[in-house]
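Worth saying up front: this structure is predicted, and the values here are computed from it rather than measured. Proteins come first, then strands; the chains are lettered A, B, ... in the order of their sequence lines, and each starts at number 1.
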Amino acid sequence: MTSPDIAQDDWYPVAIAAMLTAGAEQRVTLMSHTLRVTRDAAGKATVTDDHGTARPVCEAHGHVWSSIGTPPHPIFSLPEGVQDGRRLVDCGPVRVKASPLRVVENFLDIAHFPFVHTDILGAEPHTVVAPYDVEIRDTVDEVWATKVSFYQPQAAKSASDGIVTEYEYRVPAPCATILYKTCPPRPAEMDVIALFVRPLNEELCDAYAWMALFDDDTALEDLIQFQQTIFLQDRSILENQVPRKLPLDPRMESPTRADKTSIAYRRWLKRRGYHYGAETRGV
Amino acid sequence: MSLHLYDYVLSGNCYKVRLFLALLNQHCDVTAVDFFPGEAHLSPTFLEINPAGTLPVLTDGDLTLCDSAAILVYLAQKYDNSGTWHPSTDAATSAWIQFWLAFASKLSDTVGQARLHDMLNLPCDIDATRTAGHRALRELESHLSEQGFRGHRFLIGDTPTIADIACFPYAALAPDGGIEHDDYPAVRRWLVDIRRLPRFIEMPGIHRLHDQADDPTP
């Protein structure tokens with residue numbers, strides 16, 4: 001499917017809010033459209049397209065968001081992003097030659113940790129993915145995976161020893177995904193790590209990682225580079241996935257029980273009719 | 001005196017230093033510099049350390065070195081007790097080390113640039129850069145296959161030197177910039193030989209070799 005259809009009415013990140021200074025102008029591509037992102041002296045962000053037409057714009061979760069269509073809803077909420085005491089960390093856009101949906105799906109996968117993020121998010125021989133719960137929450141129309149746990153040698157920059165990390169995954173929009181994980185210095189809270197993806201086209205995207213953490217000790221540079229290390233380890237795997245688009249026909253790949261979140265994500269995309277970046281043959 | 005590295009985790013040039021320190025089993029303090037997205041390498045604080053605004057920077061007491069090749073030479077001469085990483089036994093060997101250190105810059109300027117373009121959206125003429133990158137890899141391939149005929153696994157002789165460390169990262173990271181390894185079998189074999197070295201460490205985009213389980217006993 002090459003037409004954006006439903007996909008064009010979603011919100012997508014077009015800039016890091018803090019880096020769009022007054023008077024600055026950034027040009028970005030969203031679904032093959034060039035957008036001009038600016039901020040006026042009063043601090044208001046604006047987005048215009050090729051024809052100079054103003055596009056929808058909002059600022060949330062550390063980013064400026066826009067759309068080439070008409071979003072029917074405000075952007076999803078993320079209350080932890082404004083919770084007192086959290087450090088908000090912009091990790092920057094990284095370009096990936098892959099479908100935006102594959103980037104999101106990879107973020108939801110736990111089984112690859114010991115092999116791709118060796119000695120950081122996983123380690124052999126601790127490769128078993130324990131059973132966890134997955135649901136499509138109809139009230140909010142989101143995919144959630146809960147009660148996920150995994151042994152991690154260095155779950156966060158603030159973790160010095162291996163711990164069993166508890167995870168929850170949330171997919172509030174097809175190109176946005178959030179994980180909540182054990183916060184080593186503050187056991188009662190969960191750290192928030194999000195990945196917001198802007199499709200340049202169906203097989204190329206910019207991925208913005210963003211974190212809201214309880215960690216007052218680690219240097220900002222170390223937090224950013226920890227996250228970049230993880231994401232760039234994923235990137236070289238993502239760019240080698242075939243086919244490049246995410247297959248929605250269940251017969252095209254053989255999932256295992258560890259892939260429950262991925263199965264729910266694909267089913268949810270199919271149900272929504274979100275086909276941008278998807279391989280829909282057979283569906 | 002203690003070693004201190006100003007580092008960016010995604011930089012192949014910084015990785016040369018991290019890798020060599022690991023291979024030497026040499027401790028070093030590390031300060032992360034937010035090259036992307038913060039552009040901290042251009043900040044006044046960093047420019048005071050290195051006016052050129054480049055990474056890596058290594059300090060050892062009063063000494064500040066701002067170039068990965070210079071750092072490799074320094075570390076080899078000062079901290080390599082084996083004396084094998086920078087052999088200066090004869091004129092030709094010394095010259096060849098210089099040659100490959102210079103060649104490593106050619107890889108950074110071509111393959112490394114294509115990677116920055118593809119990964120962080122830094123502007124460049126991508127087609128010309130990739131073509132130049134392939135030309136550099138072909139040169140490396142030709143030398144490594146000749147070395148193979150001589151029974152030598154590395155760029156200079158049969159033991160690794162700083163020449164290999166200097167050329168390894170960007171040769172290995174080429175696919176990150178859309179330059180595939182398919183046409184370079186001798187380069188691929190050499191990349192695996194380096195990843196097999198004791199105390200080898202990986203960087204994002206260069207994965208470690210996973211231990212293969214022993215064959216099951218019949």
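- Within a 6.0 Å radius of CD in E48(B), other residues, nucleotides and ligands contribute 12 heavy atoms or fewer.
- Expressed to the nearest 0.5 Å, how far CD1 of I201(B) lies from CG of D119(A) amounts to 12.0 Å.
- Among the candidates G178(B), A32(B), P175(B), the residue making the largest number of heavy-atom pairs closer than 4.5 Å to chain A is A32(B).
- For the set L173(B), L120(B), I206(B), N121(B), the count of heavy-atom pairs under 4.5 angstrom toward chain A peaks at N121(B).
- Between chain B and the options I237(A), V94(A), D234(A), T229(A), the largest number of non-hydrogen pairs under 4.5 Å is found for T229(A).
- Side chain of R95(A) to backbone of H117(B): no donor-acceptor contact under 3.5 angstrom is found.
- No side-chain donor-acceptor contact under 3.5 Å links Q233(A) to the backbone of P204(B).
- Contact record, S236(A) with G205(B): OG-CA, 4.1 Å, taken as the closest heavy-atom pair.
- With a 4.5 Å cut-off on non-hydrogen atoms, V33(B) touches chain A through its backbone but not through its side chain.
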Original post:
Taking it one step at a time, do H207(B) and T118(A) satisfy side chain to side chain contact (heavy atoms under 4.5 Å, CB included)?
Top reply: CA-CA 9 Å; H207(B) 298 269; T118(A) 313; over 6 Å; no
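- Between P37(B) and Y208(A), the closest side-chain pair of non-hydrogen atoms is not below 4.5 Å.
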**OP:** Check the pair R235(A), D118(B) against side chain to side chain contact (heavy atoms under 4.5 Å, CB included), reporting the backbone distance first and the verdict last.
**Re:** CA-CA 11 Å; R235(A) 181 180 180 271; D118(B) 278 18; 3.8 Å; yes
Subject >> Chi angles and distances behind the side chain to side chain contact (heavy atoms under 4.5 Å, CB included) call for M203(B), L232(A) >> reply: CA-CA 9 Å; M203(B) 74 165 277; L232(A) 271 291; over 6 Å; no
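- Remark: Y8(B) OH to I224(A) CD1 distance equals 8.5 Å, nearest 0.5 Å.
- Of the atoms belonging to Q228(A), heavy atoms from both backbone and side chain fall under 4.5 Å from chain B.
- Here D34(B) contributes atom CG and Q225(A) contributes atom CD; the two are 6.5 Å apart, rounded to the nearest 0.5 Å.
- Using a 4.5 Å cut-off between heavy atoms, P125(A) does not touch chain B at all.
- The CD atom of E239(A) sits 10.0 Å away from atom CE of M119(B), with the distance rounded to the nearest 0.5 Å.
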